Amino acid sequence: MNAYKELEAHYQKIDDLRHIGAITGWDESAMMPAGGGAARSRAMATLNVLVHDLTVDPQISDWLMACENLELSPMQTANVAVIQREHRQAACLTSDFVRAQTEAVMASEQQWRISRAENDWATIQPHLERVVGLAREEAAMRADAGGLGLYDAMLELYEPGVTASQLDTLFEPLKTSLPPLTDAIIAHQANTPCLPLGDHFEVAAQRELGLSVMKTLGFDFNHGRLDTSHHPFCGGVAEDVRLTTRYSETDFLQSLFGVIHETGHAMYEQGRPKDWLTQPVSQALSMGTHESQSLLMEMQAGRSPAFMTFIAPKMRAAFGRAEDDPAWSVDNLYRQVTTVRRDFIRVDADEVTYPLHVILRYELEKALIDGSLTVADLPEAWHQKMTDYFGLSTAGNYKNGVMQDVHWPAGLIGYFPTYTLGALMAAQLFEAAKTSQPETLQQIETGDFTGLLSWLRQHVHNRGSAVSVDQLMTDATGLPLTTDAFLTHLHRRYLD
Ligand code: CO
């Protein structure tokens, strides 16, 4: 067996173990009784150690070196490049460091749950100081191994090939244009307030509606399923995608658009290159690309007037509302799903204000990593930026300010920007799909997503990790990623 075949076999084994981990992780969130928790944590930790040991196996370097002398196909070459990057990322941290970091993060996440509920910054601060200190060490080791800047080295874990300087260029026009745009939209929307939809929606009816929308979008139920969990997510593996939602009896739109979002993620997984599923080159290109597929379905297609025209009669039927009920008209339902407001919480934000939440976090975490901001000064810095970008004060309001997200207590630095990269990519990709298939919106209006899905399969899903984000965007849309399509979309949807 040549070195390349050895590598493939090795990564197939890693993929098999990750498969077990993904399904077990879904089970823990969606199915497992609480009493199974302790034993499951131990089993999963053991599995993670096995996977980690395989990814840092010293033989990998030898095989990679030997591959340089082999004649490989373009996909094989791309596979080797992804393996090279992932192996470098896994091998540059010592196992002592990984253990110390895992322990610090677990303690800090647990404390965060308590501290956030009690709006108590003082009890989380020392944990966060430890976790950020370790993240700075991690960034230094990663930067050294990859020849990258400190923040770039963290970003590379989620968004390979993208740098802080590219983010600065993309985020600047958003930072300047979104605050006045938000003002204009809020003033505009004040003219036509939303009519309330009622306050009780049967969970069984919500689930049926969710399943029928998944079918409409093109989710393959032979290779996936929908269940319920406390935090909605898309898990499992490409051949068996597990998505989850949660239901609120007072607000069905939250679950429905959550399902549409996760279905976008799920269809990306289901569309990964079929012949390469066990290999790293078939993986999603980046977290931003993943988010682009969920936001394309949720924000671009799902919240369009075309889709609301299709889904409004189904919503009325699901909850027994009359056709002439003005609250359940297409116009009012569309207003319901496109209301813009300035608020404290990122996860509840609309598509107009969301990037400002991300930019705020990006600027702060970059400063934490380069050492220009200390954890002690974080609440004040957060309050300052909330005041600048949103006109909202978070002085003393840690719960809805600096403590609202689990990312930093969990040691995730470099992750936030991927949400906005995804939103920008979604707008540019949807625009390109509509240009190449001008009938797209008419098709969506009749519940026909096959044209859109096949375009996404060809231009995004089937490419796996074989190209860079820049290359994927250029091939699919004719341009590298910019903010133009996103800003045009916002103007068109909210002000025209
Ligand atoms: Co998502």
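The figures here come from the full heavy-atom set of this structure, side chains too, leaving out hydrogens, waters and symmetry mates. Since we're looking at a predicted model, the values are computed, not measured. For ligands, and for the atoms within them, numbers begin at 1 and follow the listed sequence.
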Is there any side-chain hydrogen bond (donor to acceptor under 3.5 Å, both in side chains) pair reaching into residues 470-479, and which pairs are they, with sequence neighbours excluded? Q428-T477, R463-D475, Q471-D475
Is it true that some N/O/S atom of C234, main chain or side chain, lies under 2.8 Å from the Co ion (ligand 1)? no
Would H265 count as a contact for the Co ion (ligand 1), in the sense that one of its N, O or S atoms lies under 2.8 Å from it? yes
When you measure from the Co ion (ligand 1) to each N, O or S atom of E291, which atom gives the shortest distance? OE1
Below 6.0 angstrom between ring centroids: does that apply to H200 and F319? no
Distance alone, cut at 3.5 Å: any donor-acceptor contact between the side chains of T244 and S229? yes
Salt bridge (charged side-chain N to carboxylate O under 4.0 Å, His left out) with E351: of R341, R493, R303, only one passes, and it is R493
